[in-house]
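Order of appearance sets the numbers: ligands from 1, and atoms from 1 within every ligand. Computed from a predicted model, the values in this text were never measured in an experiment.
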Amino acid sequence: MRKIAVLTGAGMSVESGLSTFRGGGGLWDEYPVEKVATPEGYAADPSLVLSFYNKRRRELLLVEPNEGHRLVAQLEKDNNVVVITQNVDDLHERAGSTNVIHLHGELMKVCSSRNPNDSRYIKRLSPEAPEITLGDLADDGSQLRPFIVWFGEAVPLMEDAIKAVSDIDVFIIIGTSLNVYPAAGLLNYIPYGVPVYLIDPNNVPVNGVCNLTHIRSGASDGMRKIINDCL
Ligand code: OAD
């Protein structure tokens, strides 16, 4: 079986109705990133940060995986697949992908403010009670916070992602501007000569990647093309 790694970003979930971060109308236009996605922003105004992610969670519960997510999941029928996503939504899992590495955390989970990566204190919120507020505590007694990797924080799953990429046969990139490190640095670990397919309607900085095919389309059309013409 071929080993395929799929690296996804916010563009993967656009057809489901979720916003991207950058570009006209992106989330970071409406909410300053330093206020809602940094440890300093959280320390300065924890209520604002909790309510920002409560809102994101409510939005996520209203949307469904799109055809692109389903086609990525379908790759598992004939291939050994790892999905490495920068997305904090759970749409890959809901579409059926079983091996997903969430580099930037998971929106439906919350964790301890004191030990964010201690698995003993990580909890999944239910769709019936998807919000947390000041005063909700983790089992270590600290305030519960979103299980999100904020800017300036370490990315604990990066090593797993690098390992997963090191012996793949095909690499697919979908809907990421490759602006954010270390995630974007994964491209440096693609074995030399492996076919790399990039699905994005816009230009993305993929300099130095050889054997690259850029499919300028949305996630669903791009995945359909790869499955029909390239694999
Ligand atoms: P960006 O918003 O930076 O980039 C989204 C990409 O999706 C762009 O390259 C768009 O051209 C592309 N795109 C738009 N519509 C698309 C469609 N229908 N199909 C496919 N692609 C489409 O989002 P990310 O690269 O994911 O981190 O951002 C990376 C990280 O920055 C996020 O994980 C988040 C953010 O700050 C944290 O919150 C820690």
Side-chain angles (χ1 to χ4, degrees), residues 6-42 48-50 52-53 55-57 59-60 63-72 83-92 95 100-109 111 116-117 145-158 161 172-187 196-207 209 212-226:
V6 186
L7 173 66
T8 66
M12 182 82 229
S13 300
V14 161
E15 291 168 46
S16 294
L18 296 180
S19 306
T20 58
F21 294 96
R22 297 172 183 78
L27 264 184
W28 297 152
D29 280 352
E30 201 181 338
Y31 303 91
V33 59
E34 63 280 4
K35 289 201 173 158
V36 296
T38 62
E40 294 77 17
Y42 180 56
L48 173 80
V49 174
L50 297 187
F52 171 76
Y53 289 98
K55 184 161 182 236
R56 300 276 80 74
R57 248 177 254 118
E59 281 168 4
L60 175 56
V63 304
E64 299 291 338
N66 63 58
E67 182 68 8
H69 292 106
R70 285 192 285 276
L71 291 172
V72 168
V83 176
I84 303 165
T85 188
Q86 296 164 86
N87 297 345
V88 297
D89 66 51
D90 57 359
L91 298 176
H92 281 299
V100 184
I101 297 176
H102 281 275
L103 287 177
H104 293 162
E106 296 178 63
L107 191 52
M108 290 309 293
K109 292 184 178 172
C111 60
N117 295 304
R145 62 162 262 189
F147 183 56
I148 302 285
V149 175
W150 286 324
F151 285 93
E153 293 188 315
V155 181
L157 292 179
M158 195 59 199
I172 303 174
I173 305 167
I174 309 175
T176 169
S177 64
L178 294 174
N179 261 292
V180 174
Y181 281 78
L186 265 185
L187 270 53
V196 178
Y197 299 101
L198 165 68
I199 303 174
D200 200 300
N202 297 305
N203 284 335
V204 171
V206 278
N207 313 328
V209 173
L212 175 83
T213 307
H214 186 171
I215 299 165
R216 284 179 192 278
S217 70
S220 301
D221 285 349
M223 274 307 297
R224 222 172 282 123
K225 186 165 172 44
I226 288 180

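Ligand 1 has at least one atom lying under 4.0 Å from a heavy atom of Pro201. Look at Ile174 and you'll find every heavy atom at least 4.0 Å from all atoms of ligand 1. The closest approach between Phe151 and ligand 1 falls below 4.0 Å for a heavy atom of the residue.
A 4.5 Å side-chain heavy-atom check between Val155 and Tyr181 finds every atom pair outside the cut-off. No side-chain heavy atom of Asp89 sits under 4.5 Å from any side-chain heavy atom of Leu107. Val6 has its side chain out of reach of His92: every pair of non-hydrogen atoms, C-beta onward, lies at least 4.5 Å apart.
Remark: the backbone N or O of Glu64 is paired with a side-chain donor or acceptor of Ser16 at under 3.5 angstrom. Within the 3.5 Å criterion, the main-chain N or O of Gly68 finds a donor-acceptor partner in the side chain of Asn66. Without hydrogens or angle criteria, Glu15 side chain to Ser220 main chain gives a donor-acceptor distance under 3.5 Å. Side chain of His102 to main chain of Asn87: a donor-acceptor pair is present (N/O by atom type, distance under 3.5 Å, no hydrogens or angles).
Nearest non-hydrogen protein atom to atom 25 (O) of ligand 1 is Thr176 OG1, 2.7 Å. Atom 13 (N) of ligand 1 has Gly11 CA, 3.7 Å as its closest protein atom, hydrogens excluded (heavy atom only). If you check which protein heavy atom lies closest to atom 36 (O) of ligand 1, you get Trp28 NE1, 2.8 Å. Scanning the protein for heavy atoms near atom 12 (C) of ligand 1, the closest one is Asp200 OD2, 3.2 Å. For atom 39 (C) of ligand 1, the closest non-hydrogen atom on the protein side is Val149 O, 3.0 Å. The protein non-hydrogen atom at the shortest distance from atom 30 (C) of ligand 1 is Val180 CG2, 3.7 Å. Closest to atom 15 (N) of ligand 1, if we only count protein heavy atoms, is Val14 CG2, 3.7 Å. Nearest non-hydrogen protein atom to atom 23 (O) of ligand 1 is Ala10 CB, 3.5 Å.
Within the listing of ligand 1, atoms 17 (C), 18 (N), 19 (N) sit less than 4.0 angstrom from a heavy atom of Gly218. Atoms of ligand 1 found under 4.0 Å from any heavy atom of Asn202, numbered from 1 in the order shown, are 10 (C), 11 (O). Heavy-atom proximity to Gly9, at under 4.0 Å, picks out these atoms of ligand 1: 26 (O).
Taking the six-membered ring where the residue is Trp, Tyr53 and Trp150 present tilted rings, their angle falling between 30° and 60°.
Between atom 21 (N) of ligand 1 and the options Ser220, Ala219, Gly26, Gly175, the minimum heavy-atom separation is to Gly175. When Arg22, Gln86, Glu15 are ranked by how near their heavy atoms come to atom 31 (O) of ligand 1, first place goes to Arg22. Distances from atom 27 (O) of ligand 1 to the heavy atoms of Glu153, His104, His102 put His104 nearest.
Considering both main-chain and side-chain atoms, Phe21 comes within under 3.5 Å of ligand 1 through a nitrogen or oxygen pair.
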Report the C-alpha distance between Ile148 and Glu153 in whole Å, list the side-chain angles of each, state the deciding distance to 0.1 Å, and finish with yes or no for side chain to side chain contact (heavy atoms under 4.5 Å, CB included).
-> CA-CA 10 Å; Ile148 302 285; Glu153 293 188 315; over 6 Å; no
Report the C-alpha distance between Ser217 and Lys225 in whole Å, list the side-chain angles of each, state the deciding distance to 0.1 Å, and finish with yes or no for side chain to side chain contact (heavy atoms under 4.5 Å, CB included).
-> CA-CA 10 Å; Ser217 70; Lys225 186 165 172 44; over 6 Å; no
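Taking the ring pair (Phe, Tyr, Trp, His ring centres under 6.0 Å) definition, one finds that Tyr31 meets it with Phe52, sequence neighbours left out.
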